[in-house]
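Below: the structure, in structure tokens.
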Amino acid sequence: MRVANAGVALGAVIAACLPMSAWAQSDDHGIRMSQRGLGEAFPATVNLSQDPAWQVYGFQRDGISYFQVNDLAGRVQLIIGNAGGVFWVLPAGDARLPVSLPGQSLPVPGSAVRSLVYRGNGFVLVRYSAGTSVVWAIETQ
């Protein structure tokens, strides 16, 4: 009986030492997607951003993927939803931020600088900036 209890205890200790990202789901392309923490300033999941000026967190639930963009202070800037290649913006963060989506393209400011913020499966999230004008964009590949 003692051996069985020791095995259970050892298993619990090992599980407690696993990083939170080990419990996250994957989008089947190696990107860690969490099931909890959407909307939080600093969710307990991996920062997926390719731009050091931004934090991007991936979440997945019920077949829908969400990508949350925070500034470095942890303020939510925008959250993009994606299901079956259809993208939309959730009413979170600064709702005044213009976001260009596939099928709902917005004009990009002239002479804007393009910054790749996140590369996903079949799409990228970019930020176009020209002075104080900014447009976020989901671009499909």
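Since the structure is predicted, the reported quantities are computational estimates derived from the model, not experimental observations. Hydrogens, waters and symmetry mates are skipped; everything else that's a heavy atom, side chains included, is used.
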>> Per the ring-ring contact (aromatic ring centres under 6.0 Å, His included) rule, what does the pair list look like for residues 74-103, sequence neighbours excluded?
In response: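 Those involving residues 74-103 are Phe87-Phe123.
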Ignoring hydrogens and angles, write down the donor-acceptor pairs under 3.5 Å from the side chains of residues 73-83, residues two or more places apart or on other chains.
residue	atom	partner	partner atom	Å
Arg75	NE	Asp71	OD2	2.8
Arg75	NH2	Asp71	OD2	2.9
Gln77	NE2	Asp71	OD2	3.3
Gln77	NE2	Arg75	O	3.4
Asn82	OD1	Gly85	N	3.3

> Do Val89 and Ile138 share a hydrophobic cluster (ILVMFWY, side-chain heavy atoms under 4.5 Å, transitive)?
Replying inline: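 Yes, it is one cluster - the side chains of Val89 and Ile138 are joined through contacts under 4.5 Å.
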> Between Val126 and Val134, is there a shared hydrophobic cluster once you connect ILVMFWY residues whose side-chain heavy atoms come closer than 4.5 Å?
Replying inline: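 No, separate clusters.
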> Do Leu125 and Phe67 have side-chain heavy atoms sitting under 4.5 Å apart?
Replying inline: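 Leu125 does not reach Phe67 side chain to side chain.
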> Heavy-atom distance under 4.5 Å between the side chains of Val117 and Trp136, does that happen here?
Replying inline: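 Val117 vs Trp136: side chains touch.
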Identify all side-chain donor-acceptor contacts of residues 99-116 below 3.5 Å with residues at least two apart in sequence or on another chain.
residue	atom	partner	partner atom	Å
Ser100	OG	Leu106	N	3.0
Arg114	NE	Tyr128	OH	3.3
Arg114	NH2	Glu139	OE1	2.8

Of the non-hydrogen atoms in [X] and [Y], which two are nearest, and what is the gap between them?
X     : Y      : answer
Leu72 : Trp54  : CD2-N, 4.2 Å
Ala41 : Gln55  : O-OE1, 4.3 Å
Leu48 : Tyr57  : CD1-C, 4.3 Å
Gln50 : Tyr118 : OE1-C, 4.2 Å

